[in-house]
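This report concerns only the one structure given below.
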Amino acid sequence: MSWLDIGALEDIPLRGARIVKTTLGCVAVFRTSEAEVFATSDRCPHKGGPLSEGIVHGKSVTCPLHNWVFSLETGTAQGADEGQIDTFETKVEAGRILLDAARLTKQAAA
Amino acid sequence: MKQKLIVIGAGMASGRALEHLLDTAPDAYDVTLFNAEPRGNYNRLMLSPVLSGEKTYEEIVTHDADWYEARGVTCRFGEKILKIDRERKVVISENGETPYDKLVLGMGSNPFIIPLPGHDLEGVIAYRDLEDTNRMIELGAKPGARAVVIGGGLLGLEAAAGLKARGVDVTVVHIMGHLMERQLDEAAGYLLRKALVDRGITVMCSANSKEIVGENGHVKALMLDDGTELPCDLLVMAVGIRPAIALGKDNGLAVGRGIHVDDQMITSDPDILALGECVEHDGAIFGLVAPLYDQAKVVAKTLLGEPAKFVNKEVSTKLKVTGCDLFSAGDFAEGETREDIVFRDPSRGVYKRLVIEDNKIVGAVMYGDTADGTWFYNLIKDGEDISEMRETLIFGPAYQGGAASDPLAAVAALPADAEICGCNGICKGQIVTAIEGGAHTLEDVRAQTKASGSCGTCTGLVEQVLAVTLGDEFVMPTSKSICGCTDLTHEDVRRLIKSSELQSQPAVWQELGWSTPNGCHVCRPAINYYLLADWPLEYQDDPQSRFVNERNHANIQKDGTYSVVPRMWGGITTPAELRAIADAADKYNVPTVKVTGGQRIDLLGVRKEDLPAMWYDLNQAGMVSGHAYSKGLRTVKTCVGSDHCRFGTQDSTGLGIKLEKLLWGSWTPHKVKLGVSGCPRNCAESTCKDVGIICVDSGYEVSVAGAAGMDLKETEALAKVATEQEAIDVTTAYIQIYRENAKYLDRGYKWVAKVGLDWVKAQVVDDLDNRKALIERFELSQTIYRKDPWAAHAAPEEAPKFAPLADLTLEAAE
Ligand code: SRM
Ligand SMILES: Cc1cc2nc3c(=O)[nH]c(=O)nc-3n(C[C@H](O)[C@H](O)[C@H](O)COP(=O)(O)OP(=O)(O)OC[C@H]3O[C@@H](n4cnc5c(N)ncnc54)[C@H](O)[C@@H]3O)c2cc1C
Ligand code: SF4
Ligand code: FES
């Protein structure tokens with residue numbers, strides 16, 4: 001694990017998301033309840049919709065382009081749709097969001 | 001000779017440790033107990049019942065003078081330890097030095113005081129000890145006393161409830177969106193808030209304190225950052241605690257957030273042990289007593305040289321406010337692969353939620369009925385596999401089975417004079433009489449009584465009266481629910497939001513029995529709309545319940561860029577506006593500039609990060625958002641009219657501009673487009689719009705319910721009026737009645753087909769009082785919503801929200 005402080009919890013609206021730019025593309029960081037945060041790849045496997053712009057409900061997000069729904073925990077598409085997005089470990093400590101950037105910065109370091 | 005043991009702090013944890021130690025080995029140590037408070041051990045948890053008057057201080061003392069004497073404990077109460085000299089093994093207080101062989105630290109924690117301006121004024125207190133409690137009790141003796149409590153957590157709410165019980169006028173100021181957010185989810189937080197408000201406590205959530213205002217050195221009021229002033233005679237800060245580590249840190253013990261201890265509760269000095277809220281064990285710090293009691297056992301054993309190991313366990317929380325039954329245990333935060341089981345019984349105000357992971361319960365919240373709390377807590381603690389009982393789990397150990405609350409029972413209980421159909425003033429009794437007289441179908445009832453024959457929103461109720469009266473003879477038609485989160489239809493929900501005065505999303509989820517914690521992408525936008533349309537002043541619009549376009553105030557494109565359409569009132573523009581649009585297109589590298597079908601200009605392919613700056617530039621040129629993205633007022637198309645056209649009968653351009661300036665910014669069930677043509681040649685294509693106005697010599701023909709999208713439909717005549725003002729009034733009233741009654745995502749023509757144009761006419765054309773009332777309600781809503789969202793989001797403090805939260809590509813480069 002390589003925890004990186006990416007911002008304050010309040011920077012993400014409740015049931016909203018913000019993106020983090022990485023060398024591997026954008027990562028969407030979601031806040032599902034007062035102190036619960038998830039991170040996934042921002043790209044919908046269907047036609048590339050920006051998942052960070054979707055409606056966040058329960059622990060899922062709905063893609064803004066054609067309404068595919070993804071679990072934020074497993075990254076798996078729900079219902080009849082088939083697809084998978086990458087997920088990244090996060091944690092919240094003292095109001096700050098930490099993202100496990102091990103996989104995200106590896107390439108840049110190499 | 002006996003070993004000398006010194007204990008610093010006569011608290012909940014150290015008191016328990018002394019009991020264990022002295023019960024097992026009364027003669028092992030010569031004990032001296034120091035306490036900064038001028039008294040010995042009492043049950044700190046029970047300060048809340050003392051505050052509320054349910055108990056006295058004497059009843060909560062755990063160890064009295066006899067207890068210490070019988071066990072030979074030397075008490076040095078009211079004496080604070082200032083320093084420890086570990087070299088010489090002595091503790092130092094104001095009265096001098098005392099030597100030890102073994103030392104136990106149990107200093108607890110210090111309440112955190114937010115360093116707001118004025119925090120040191122007289123009358124600003126925390127809630128930690130008997131002194132604080134007595135200050136609050138004294139306040140209660142003063143008639144008309146007012147208090148503000150900052151912090152809507154466990155302590156703050158117990159303080160508030162206690163103060164209220166003492167007759168004090170209390171306001172709770174909480175920074176988060178719901179109460180006790182660390183233990184409760186929104187739904188339970190909502191129920192708790194409702195219970196506190198019901199007992200007369202004012203609760204302000206999402207409220208940020210700015211300054212404590214004083215007078216002659218004493219607190220006078222709390223000022224919030226929105227300028228609200230809350231006058232008070234006492235201000236209680238209950239915003240959190242910090243482990244009391246100073247003694248450890250200053251004397252060179254290893255500390256983190258708390259004083260570091262190992263599994264035997266030994267600090268970095270082998271002769272010093274520590275326990276309670278002042279310690280940090282394996283990264284964890286503590287705020288509830290259950291784990292502290294386990295630590296106390298370990299401390300006693302370690303002191304006696306017996307093997308023991310502290311293991312941190314899950315904790316559960318209860319709020320000690322009589323009448324507010326809540327329970328929370330385990331973990332709702334982070335974690336992999338979790339699912340929820342939710343149960344709600346709105347009629348009893350019950351809410352239960354379990355969080356499941358790998359067939360185990362990891363968290364439980366319940367409100368209203370907490371009888372099964374301990375059972376769930378044990379399942380969590382023991383990590384029990386629940387796959388076998390999953391279906392009935394939420395009903396608790398009694399497996400009562402799923403006796404779901406019965407909506408028909410509520411209807412059956414209504415008295416005969418309860419009004420069912422508001423439009424026609426029909427009561428339950430009249431409907432029952434009709435049914436008993438032979439009207440056995442909805443249509444029959446409608447024909448005989450007119451009930452549900454108008455706006456139709458009471459159809460479900462009438463059917464329920466049929467079902468209750470006829471029993472099995474009546475088969476309820478299955479109506480379509482909004483989505484999988486509820487069995488209710490849009491019409492039911494709209495009716496219930498109004499009749500039960502539901503003014504927030506958690507209120508809707510709880511009172512209407514939603515099966516998910518906070519809805520889904522289908523119901524949330526609808527509920528958000530219904531709430532803001534029915535309660536414009538009370539409800540706060542929730543951008544996170546809106547489709548991306550309405551959140552980013554631009555249309556998302558298939559490649560994730562956006563299109564920006566400024567308003568051109570009635571299709572009229574100026575060279576200066578066109579220049580500003582051209583400048584913006586150049587400055588932000590807009591790939592496509594297009595004239596839309598709605599008489600304005602679309603800038604397509606804008607990057608999200610550029611939106612605020614572009615809006616700012618367009619605002620500077622006097623332009624506002626065209627809402628080309630909203631379920632709201634889109635465009636008002638006009639033709640040139642009497643100003644220029646040889647056939648024009650009235651100023652159609654002017655009327656179009658007036659209408660657009662009046663209606664813009666309003667949210668509607670689906671988009672609303674208008675057209676105003678200067679004569680029946682209809683160059684503005686008014687007859688296929690949601691509202692179309694055709695000007696004629698003698699006045700204005702207002703028609704509604706047209707469309708030219710997926711369905712092609714000509715408008716239907718609503719009214720012919722003589723003056724421009726009447727045309728504006730009829731249009732406004734029509735839009736408001738559509739806003740108040742239509743199902744979300746029903747375009748005007750679909751809604752009119754359901755309720756019938758005749759009903760609409762009766763409401764907005766014939767009934768002048770009603771027309772006026774509709775216009776007034778529209779105007780009231782517009783005082784909130786007739787604002788340019790671009791200006792709001794281009795503001796310097798808002799604009800950064802459109803940029804990435806962090807850029808790790810830069811990080812890597814550095
Ligand atoms: C830009 C524009 C096309 C153009 O280049 O002219 C346009 C573009 C879109 N229209 Fe339209 N409509 C545009 C005028 C129209 C018109 C003509 C008019 O208003 O006179 C119609 C037919 C009239 C009507 O609404 O009845 C029209 C009927 C639709 C419909 C079908 C609505 C229906 O109830 O059947 C949709 C789909 C929807 O809203 O659900 C739609 C949806 C869309 C969306 C928003 C699709 C979407 O959800 O992303 C398009 C956005 C494209 C983009 O990326 O910006 N657009 N659309 C026009 C913008 C007008 C404006 O200035 O605001
Ligand atoms: C009003 C209230 C209600 C609560 N309700 C609950 C509840 O319902 N459930 C629950 O689990 N928990 C509850 N708690 C929390 C619980 O009381 C604490 O977790 C517990 O008291 C901590 O025990 P402790 O021994 O670590 O510290 P404390 O009980 O705080 O004892 C520490 C003692 O050390 C003394 N001291 C500090 N420094 C020095 C020094 N240098 N020299 C001498 N003495 C010193 C202090 O004066 C204090 O008396 C509540 C707390 C409060 C204030
Ligand atoms: S007609 Fe279809 S493709 Fe063209 S703008 Fe409208 S929605 Fe898009
Ligand atoms: S791009 Fe996400 S659903 Fe189509």
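Source: prediction; values computed, not measured. Just so we're on the same page: letters track the sequence lines, and every chain starts at 1.
Inter-residue side-chain proximity for B/Leu808 and A/Thr23 is flagged as unmet; no heavy-atom pair is nearer than 4.5 Å.
Here A/Gly16 is the residue among A/Ala17, A/Cys26, A/Pro50, A/Gly16 with the most heavy-atom pairs under 4.5 Å with chain B. Of the listed residues B/Val548, B/Leu805, B/Asp542, the one with more heavy-atom pairs under 4.5 angstrom with chain A than any other is B/Leu805.
Shown here are the side-chain contact (heavy atoms from CB on, under 4.5 Å) partners of A/Glu93, two or more places apart in sequence or in another chain: A/Lys91, A/Leu98.
Expressed to the nearest 0.5 Å, how far CD of A/Glu53 lies from OH of B/Tyr562 amounts to 3.5 Å. To the nearest 0.5 Å, atoms CE (B/Met176) and CG (A/Leu9) are separated by 6.0 Å. The NZ atom of A/Lys47 sits 8.5 Å away from atom NZ of B/Lys558, with the distance rounded to the nearest 0.5 Å. Between B/Lys608 atom NZ and A/Ser52 atom OG the span is 5.5 Å, to the nearest 0.5 Å.
No donor-acceptor pair closer than 3.5 Å links the side chain of A/Arg15 to the backbone N or O of B/Ser545. A/Arg18 places no side-chain N or O within 3.5 Å of a backbone atom of B/Phe802 that could act as its donor or acceptor partner. Side chain of B/Asn518 to main chain of A/Gly58: a donor-acceptor pair is present (N/O by atom type, distance under 3.5 Å, no hydrogens or angles). Between the side chain of B/Arg524 and the backbone N or O of A/Val56 there is at least one donor-acceptor pair closer than 3.5 Å.
Proximity to chain A (any heavy atom under 4.5 Å) is shown, for B/Asp559, by neither the backbone nor the side chain. Using a 4.5 Å cut-off between heavy atoms, B/Arg257 does not touch chain A at all. Neither the backbone nor the side chain of A/Arg43 comes within less than 4.5 Å of any heavy atom of chain B. For A/Val61, no part lies near chain B; criterion is any non-hydrogen pair under 4.5 Å. Contact of B/Pro525 with chain A is made through the side chain alone, with heavy-atom distances under 4.5 Å.
Among A/Ile19, A/Ile6, A/Val20, A/Thr22, the one residue that satisfies the side-chain contact (heavy atoms from CB on, under 4.5 Å) test with B/Pro804 is A/Ile19.
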